[in-house]
Asker: 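Attaching a single structure in structure tokens format; questions to follow.
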There are 2 protein chains.
Amino acid sequence: MEFFDKVGKSALGSRLRLMTAVVTDDAAKIYELYGVDFVPKWFPVFYTLAEEREITITEIANEIGHSQPSVSKIIQEMITAGLIQESAKTDDKRKNNVVLTEKGTLISKKIKQQLEDIDLAIEEIITESKHNLWAALEEWEFLLEQKSLIKRVSEQKKKRESKDVEIVEYKAEYQQAFRELNVEWISKYFEMEEADYKALDNPEDYILKKGGKILVALYQNEPVGVCALIKMNNSEYDFEMAKMAVSPKSQGKSIGWLLGKAIAEKARELGAKKIYLESNTILKPAINLYYKLGFEKVFGLETPYKRCNIQMELVLR
Amino acid sequence: MEFFDKVGKSALGSRLRLMTAVVTDDAAKIYELYGVDFVPKWFPVFYTLAEEREITITEIANEIGHSQPSVSKIIQEMITAGLIQESAKTDDKRKNNVVLTEKGTLISKKIKQQLEDIDLAIEEIITESKHNLWAALEEWEFLLEQKSLIKRVSEQKKKRESKDVEIVEYKAEYQQAFRELNVEWISKYFEMEEADYKALDNPEDYILKKGGKILVALYQNEPVGVCALIKMNNSEYDFEMAKMAVSPKSQGKSIGWLLGKAIAEKARELGAKKIYLESNTILKPAINLYYKLGFEKVFGLETPYKRCNIQMELVLR
DNA sequence: TACATTTGCATAACTAGTTATATAATTAAT
DNA sequence: ATTAATTATATAACTAGTTATGCAAATGTA
């Protein structure tokens, strides 16, 4: 199909579907060729029964990777066709154990030769081809089990989008964004406090002039995240990382991570050995981010904020 | 899936179906991730429209390998969703040309980034894997186009079955089979003639004692095909190949071919340079076989059989 | 030019799967 | 010993495709 060369790999699903149709269409013709009264979709169920003697419907479904209702229907069809029968009931009356009938066993023998021929035919194609479809499917089953396609795509998305994120120094024009982004999350989870208003209304005086820094994350030139480094009066810590806020609309672009990294770098540039932060454990994603950035729990410093119930530090190196 | 290791390659269809399901399930989630109001099955049609501007339903179907009704339904859904519209009718009033709406064009742009991300994610899997699924599918499409799976399987079947065919010399116990197999086809297509009865009722006297030979094809120890080499009174030919008959139930096992080859070999052993045969052109598969065995048309010999309308010879070397 | 054939599309009916849900039997927990 | 939760199955409704078929328009042909 020329189409697939044009579209690219994102049409993998369509390409697989077409190949599946080609193969299963021929499967039906193959049973006809061998004069066996058999429907291709029965095969996985039938095979399992031929191997396992006696087995429940749900067990078959798990074995062959179908849904339970699918197997349930197939079983009914095969009972009608006289290939299988319900076996002597077990003690568990919910279970519907099934076994091959005599006719079923006969067909199973008849089919054996056919399966070998198919095996050889497919083996022949594999020999003719450079890329082994069977082995590729096996590998893909494993790789997608390890990390699903949606996970992989979402990682690509993040990677691409975080490339479009730019971290810049605070300018007066970002004051409104600095205030709004912080007010948004603080008032959502807690209540705005005196110290908040001071810093957010007048970052120039309350943060920058005291020797602090503010960084802004721009996405498509719009400020979508902010974070401040506030000078502390403390022998152990030079700076507190605070007022980190990321617009909910821009989540999933690793903006928090990029801001945190940049702030730590900035603190290092300014000669700090350790930085400090205060937060609250109900902010799970934030706490998670702090751990990822390398922060560790500490105890005992005094704080003007009611909402603080966890304190952390990051040793810079 | 452990199941597939057990079953073997004949479950290729099932394995493909499962992989298709895994991939297309995630496809739906991917559109959700990107906040696009879009159904995965629309994609091939949508892509074609985005590329080709204006195109008919049947053309799309051919392009993407779907059936026409499938595209027809998808088009209807996408019209309802406002992504495409019927374009200014062409002069051919049967045709239903469709184009993207403005909304459609917008989504097409929005989707571009997404497609690139998917492409990269799949590329990543390909890099991680030893066997390239995408390339394998491409190759298989080509190889199955060249020779379908059913064709390949049927060749395997023939190959295997012809191994179980044994060509043996005539014995008295095969007289009944020799007669019946021949009577079956002769009386089906023509009428039994005087010369037939003589040879079939008493091959010992009429064929063997005159220096001829009869070979019998056994399949699972049952006689399923016969062929005679009859001594001729002719300066040019030593033998006539005649009374070849194969049981209709045993067709497709190359029995005719094996008998013919064996008869030619036997004639060579007996010192013949050329052998001769008579037949009728309504027996197309037979004539075909004779050509395959190397026989060529000749003209002019006299024959006792009414049914003869073609004469052939095989030069032995 | 009239009639047969072909083409493009829509619709209906089918297929092989799915998810959602109901029911009965069993097992676990109080 | 009840009651709640879980398990095994069946059934219903849905999905994404297929073939079969009918109709109207266009094309080919005697």
Side-chain angles (χ1 to χ4, degrees), chain A residues 11 13-29 31 38-46 54-81 84-87 89-98, chain B residues 11 13-29 31 38-46 54-81 84-87 89-98:
Chain A
S14 296
R15 191 165 218 172
L16 276 167
R17 202 189 43 67
L18 277 181
M19 180 56 67
T20 307
V22 167
V23 170
T24 52
D25 279 5
D26 269 14
K29 288 185 207 145
Y31 286 106
F38 201 86
V39 181
K41 69 166 169 175
W42 292 350
F43 176 66
V45 173
F46 185 79
E54 197 166 322
I55 185 171
T56 70
I57 289 178
T58 312
E59 282 163 358
I60 298 175
N62 291 333
E63 183 94 355
I64 67 175
H66 277 215
S67 66
Q68 166 268 313
S70 164
V71 175
S72 196
K73 276 191 284 187
I74 290 171
I75 291 280
Q76 283 168 41
E77 285 179 31
M78 288 171 74
I79 287 177
T80 310
I84 60 179
Q85 61 193 14
E86 292 177 13
S87 94
K89 293 277 183 195
T90 47
D91 36 351
D92 187 336
K93 281 175 198 155
R94 292 167 307 177
K95 290 184 181 173
N96 186 359
N97 278 48
V98 282
Chain B
S14 296
R15 191 165 219 171
L16 276 167
R17 203 189 42 70
L18 277 182
M19 180 56 67
T20 308
V22 167
V23 170
T24 52
D25 280 4
D26 268 16
K29 289 185 207 142
Y31 286 105
F38 201 86
V39 181
K41 69 167 167 172
W42 294 349
F43 177 66
V45 173
F46 186 78
E54 198 166 322
I55 186 171
T56 71
I57 289 179
T58 310
E59 281 163 359
I60 297 174
N62 290 334
E63 183 94 355
I64 68 175
H66 277 216
S67 66
Q68 167 267 312
S70 164
V71 175
S72 196
K73 276 191 282 188
I74 290 171
I75 292 279
Q76 283 169 40
E77 284 180 33
M78 288 171 74
I79 287 177
T80 311
I84 60 179
Q85 62 193 14
E86 291 177 12
S87 93
K89 295 276 184 193
T90 47
D91 36 352
D92 188 336
K93 281 175 196 155
R94 289 167 309 176
K95 290 185 181 173
N96 185 358
N97 278 49
V98 281

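Every chain is numbered from 1 and lettered A, B, ... according to where its sequence line falls, protein lines coming before strand lines.
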Asker: I need the A/Ile84 CD1 to A/Glu77 CD distance, nearest 0.5 Å.
Answerer: 10.5 Å

Asker: Are any side-chain N or O atoms of A/Ser72 and backbone N or O atoms of A/Gln68, one a donor and one an acceptor, separated by less than 3.5 Å?
Answerer: no

Asker: Of the listed nucleotides (C/dA10, D/dA10, C/dG17), which one gets closest to any side-chain atom of A/Ser72?
Answerer: D/dA10

Asker: Pick the nucleotide of DNA chain D nearest each of B/Lys41 and A/Thr56; which residue has the one closer to the 5' end?
Answerer: A/Thr56

Asker: Rounded to the nearest 0.5 Å, how far does OG1 of A/Thr24 lie from NZ of A/Lys29?
Answerer: 10.5 Å

Asker: Between A/Glu77 (CD) and C/dT15 (P), how many Å, whole number?
Answerer: 9 Å

Asker: Tell me: NE2 of B/His66 to C1' of D/dT19, nearest whole Å?
Answerer: 16 Å

Asker: Would one find a side-chain N or O of A/Ser67 under 4.0 angstrom from OP1 or OP2 of C/dT18?
Answerer: yes

Asker: If I take atom NZ in residue B/Lys73 and atom P in nucleotide D/dT18, what distance separates them, rounded to the nearest angstrom?
Answerer: 9 Å

Asker: It should be established whether A/Thr58 places a side-chain nitrogen or oxygen under 4.0 Å from OP1 or OP2 of nucleotide D/dT9.
Answerer: yes

Asker: I need the A/Lys73 NZ to A/Ile57 CD1 distance, nearest 0.5 Å.
Answerer: 13.0 Å

Asker: Using whole Å, report how far CD1 of A/Ile74 lies from C1' of C/dG17.
Answerer: 9 Å

Asker: May I have the distance from B/Ile75 (atom CD1) to D/dG17 (atom C1'), rounded to whole angstrom?
Answerer: 16 Å

Asker: Return whichever of A/Pro40 or B/Glu59 has its heavy-atom-nearest nucleotide of DNA chain C closer to the 5' end.
Answerer: B/Glu59

Asker: With a 4.0 Å cut-off on heavy atoms, is A/Ser70 in touch with a base, just the backbone sugar-phosphate, or nothing at all?
Answerer: base

Asker: When you measure from the side chain of B/Asn96, which nucleotide among C/dA10, D/dA10, D/dG17 comes out closest?
Answerer: C/dA10

Asker: Starting at CG of A/Leu18 and ending at P of D/dT18, how long is that distance when rounded to a whole Å?
Answerer: 8 Å

Asker: In whole Å, what is the span from the CD atom of B/Gln76 to the C1' atom of C/dG8?
Answerer: 14 Å

Asker: What is the distance from CD of B/Gln68 to P of D/dG22, rounded to the nearest Å?
Answerer: 15 Å

Asker: Within less than 4.0 Å of OP1 or OP2 of D/dG17, is there a side-chain N or O belonging to A/Arg17?
Answerer: yes

Asker: With the side chain of B/Ile57 defined as its heavy atoms from C-beta on, choose the nearest nucleotide among C/dT11, C/dC9, D/dA16.
Answerer: C/dC9

Asker: Which of the following nucleotides, D/dA16, D/dA10, C/dC9, is nearest to the side chain of B/Lys95?
Answerer: C/dC9

Asker: Could you grab the distance from atom OG1 of A/Thr58 to atom CG of A/Asn96, nearest 0.5 Å is fine?
Answerer: 9.5 Å

